[in-house]
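A short write-up of the structure that comes next.
Values below: all heavy atoms of this structure, side chains included; hydrogens, waters and symmetry mates excluded.
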Amino acid sequence: MQKVNVTENDAGQRLDKFIRRTLPSAGTSFIFKMLRKKNITLNGAKADGQEIVRSGDTVTFFFSDETFRKFQTGSMDVPVRKTYEAACQQIERQYGKIRIVFENDQMLLADKPAGLLSQKAEPSDLTLNEWFVGRMLLRGETDNVRIRSFRPSVCNRLDRNTTGIVICAKTLPASRAVSSLLKNRGLEKYYHLIAAGKMPERGEIEGWLVKDGQTNQVTVYQRQVQGSAYSRTLCRTLRYSKEQDISLVEAQLITGKTHQLRAHLACIGHPILGDPKYGTEPLRRKWAAAGIHRQLLHCCRVVFPETDGCLSSVSGRTFICSDPAVFQRILGKGAAGEREVERTAVRPHHGSRARGKR
């Protein structure tokens with residue numbers, strides 16, 4: 001007989017899903033057969049698998065130790081664990097110590113460096129997600145047993161060469177809560193970017209985006225077309241350099257679509273400096289000569305709404321991530337500081353519209 005206690009990490013899911021995570025090699029039909037025969041019970045009583053488990057519940061398996069261990073295979077084994085830990089260490093050797101913007105027992109906000117993917121595109125990729133899981137394993141914040149019910153992961157993605165805040169969930173409740181905020185647009189996300197030309201003091205960019213899966217590039221349309229998704233961005237110019245003809249801009253994502261900011265800025269004639277996909281060839285050559293080979297786009301601030309539960313410690317709070325050094329190098333002294341950005345916010349203004357395809 002084996003007793004498994006439901007932790008906060010496991011709470012809120014159906015019993016059958018909890019059992020499958022506990023015994024990943026057990027088939028679905030076998031699990032329900034064991035439930036019917038009371039060889040698996042919930043808090044000492046018969047269960048049908050549809051119950052929602054809560055923290056403190058006990059699931060009892062009337063199996064031999066050998067049978068229980070057999071069905072546990074498929075969980076994270078030692079080689080896989082060491083792969084995560086090695087990836088974490090390799091990433092920090094390659095990119096330096098990843099800056100932590102905020103951390104508690106539910107989540108971590110990391111400052112993703114340029115060049116590091118948020119999540120894997122290819123099996124061999126090193127990503128912020130591997131760094132995060134490896135870090136938790138190295139620090140003893142999860143282990144082979146706990147990771148069976150929930151594998152820590154990043155909640156939002158930034159493009160490979162976009163820097164700034166990425167939210168990483170340590171627990172299943174935090175992952176669900178943050179995912180819900182992102183889906184319902186309850187989390188405010190602000191970006192700093194350097195754009196070509198003189199941007200309006202304030203502006204709003206709207207359009208319908210269509211992604212080309214082969215080129216991984218999006219096109220902005222002024223009207224809704226088949227397969228398009230509505231997108232909206234608010235912009236505020238923080239500083240304009242007449243000498244270089246560039247603008248430091250703060251942008252707020254009202255919707256969050258693939259390459260939204262990069263495509264929006266390009267479609268109004270102010271592409272982000274260094275953008276290899278959406279910038280013009282003359283601009284790319286000009287700024288490549290200055291050592292800029294990637295888009296100067298940085299997630300600088302996130303604002304959590306008033307909330308409770310596992311996110312109560314971040315309820316109503318604002319988290320700020322300083323701009324990369326390259327911003328100040330390009331703009332010189334007088335680049336926007338954290339205090340200025342924290343005091344002000346982007347407000348709706350209808351000065352700009354997407355000038356994409358009709």
Side-chain angles (χ1 to χ4, degrees), residues 112 114 116-123 125 127-129 153-167 169 175-176 178-191 193 195-197 199-200 202-235 249-281 283-284 294-299 302 346 348-358:
K112 188 188 81 65
L116 182 62
L117 286 167
S118 299
Q119 292 183 317
K120 283 182 180 293
E122 301 292 339
D125 287 335
T127 74
L128 189 72
N129 199 69
S153 63
V154 303
C155 299
N156 64 307
R157 299 185 186 187
L158 296 180
D159 292 339
R160 181 194 291 268
N161 287 316
T162 298
T163 58
I165 298 175
V166 173
I167 304 171
S175 178
R176 287 173 171 167
V178 173
S179 295
S180 178
L181 287 180
L182 292 169
K183 181 179 179 180
N184 298 318
R185 302 175 188 170
L187 186 75
E188 296 180 18
K189 293 182 291 182
Y190 297 83
Y191 292 74
L193 59 93
M199 285 277 290
R202 294 185 183 276
E204 177 181 9
I205 309 171
E206 292 181 295
W208 280 263
L209 304 183
V210 176
K211 181 179 178 180
D212 185 327
Q214 292 186 329
T215 63
N216 192 32
Q217 193 163 348
V218 300
T219 301
V220 184
Y221 291 83
Q222 287 184 306
R223 296 178 177 83
Q224 187 173 11
V225 298
Q226 184 176 4
S228 64
Y230 174 73
S231 58
R232 182 181 178 220
T233 300
L234 301 181
C235 294
V249 177
E250 180 183 89
Q252 181 186 1
L253 283 179
I254 304 303
T255 59
K257 307 300 181 184
T258 301
H259 296 179
Q260 177 175 318
L261 289 175
R262 298 167 64 184
H264 272 187
L265 271 292
C267 82
I268 63 169
H270 298 283
I272 299 173
L273 262 59
D275 194 326
K277 282 184 179 288
Y278 299 94
T280 64
E281 188 58 35
L283 276 174
R284 281 195 291 269
R294 58 100 177 168
Q295 66 268 11
L296 296 187
L297 178 61
H298 176 73
C299 183
V302 296
V346 177
H349 180 72
H350 299 283
S352 300
R353 294 287 180 181
R355 294 201 295 267
K357 294 186 177 182
R358 294 181 180 273

Problem set entry | Side-chain heavy-atom pair K120, N129 within 4.5 angstrom cut-off | no
Exercise. Between S228 (side chain) and Q224 (backbone), is there a donor-acceptor pair under 3.5 Å?
Worked result: no
Seminar exercise, completed: Given the options H259, Q217, R262, Y278 meets side chain to side chain donor-acceptor pair (under 3.5 Å) only with H259
Exercise. Which heavy-atom pair separates I268 from I205 by the least distance, and what is that distance?
Worked result: CD1-CD1, 3.6 Å
For this session: List for me each residue that meets side chain to side chain contact (heavy atoms under 4.5 Å, CB included) alongside R176, sequence neighbours excluded, and say none if there are none.
Result: Q13, L172
Exercise. OG of S118 to CD1 of I167: how many Å apart, nearest 0.5 Å?
Worked result: 11.5 Å
For this session: Take L182 and K189 through the side-chain contact (heavy atoms from CB on, under 4.5 Å) test and state the conclusion after the steps.
Result: CA-CA 10 Å; L182 292 169; K189 293 182 291 182; 4.2 Å; yes
Exercise. Does any non-hydrogen side-chain atom of M199 lie less than 4.5 Å from one of L265?
Worked result: yes
Problem set entry | Contact summary for G256 and L253, nearest pair of heavy atoms | CA-CD1, 4.5 Å
Seminar exercise, completed: Nearest heavy-atom contact between G279 and P271 is CA-CB, 3.9 Å
Exercise. Does the side chain of L158 reach to within under 4.5 Å of the side chain of L128, using non-hydrogen atoms?
Worked result: no
Exercise. So how far is it from L261 CG to L297 CG, rounded to the nearest 0.5 Å?
Worked result: 5.5 Å
Exercise. What heavy-atom pair brings L273 and A195 nearest, and what distance separates the two atoms?
Worked result: CD1-C, 3.6 Å
Exercise. Do R284 and D275 have side-chain heavy atoms sitting under 4.5 Å apart?
Worked result: no
Seminar exercise, completed: Tightest non-hydrogen contact, residues A169 and C155, listed as CB-SG, 3.6 Å
For this session: Output all residues satisfying side chain to side chain contact (heavy atoms under 4.5 Å, CB included) with K257, sequence neighbours left out; order by chain, then residue number.
Result: L209, A229, S231, T255, Q260
Problem set entry | Nearest-0.5 Å distance that lies between atom CD1 in I272 and atom CG in L296 | 8.5 Å
Problem set entry | With Q295, the side chain to side chain donor-acceptor pair (under 3.5 Å) member among N161, T163, T162 | T162
For this session: Please list, chain by chain and in numerical order, all residues satisfying side chain to side chain contact (heavy atoms under 4.5 Å, CB included) with N184, sequence neighbours excluded.
Result: S180
Exercise. Nearest 0.5 Å, what's the NZ-CG distance between K112 and L117?
Worked result: 7.0 Å
Exercise. Rounded to the nearest 0.5 Å, how far does CD of E250 lie from OH of Y191?
Worked result: 12.0 Å
For this session: Give, for atom CZ of R157 and atom CG of D159, the distance between the pair rounded to the nearest 0.5 Å.
Result: 10.5 Å
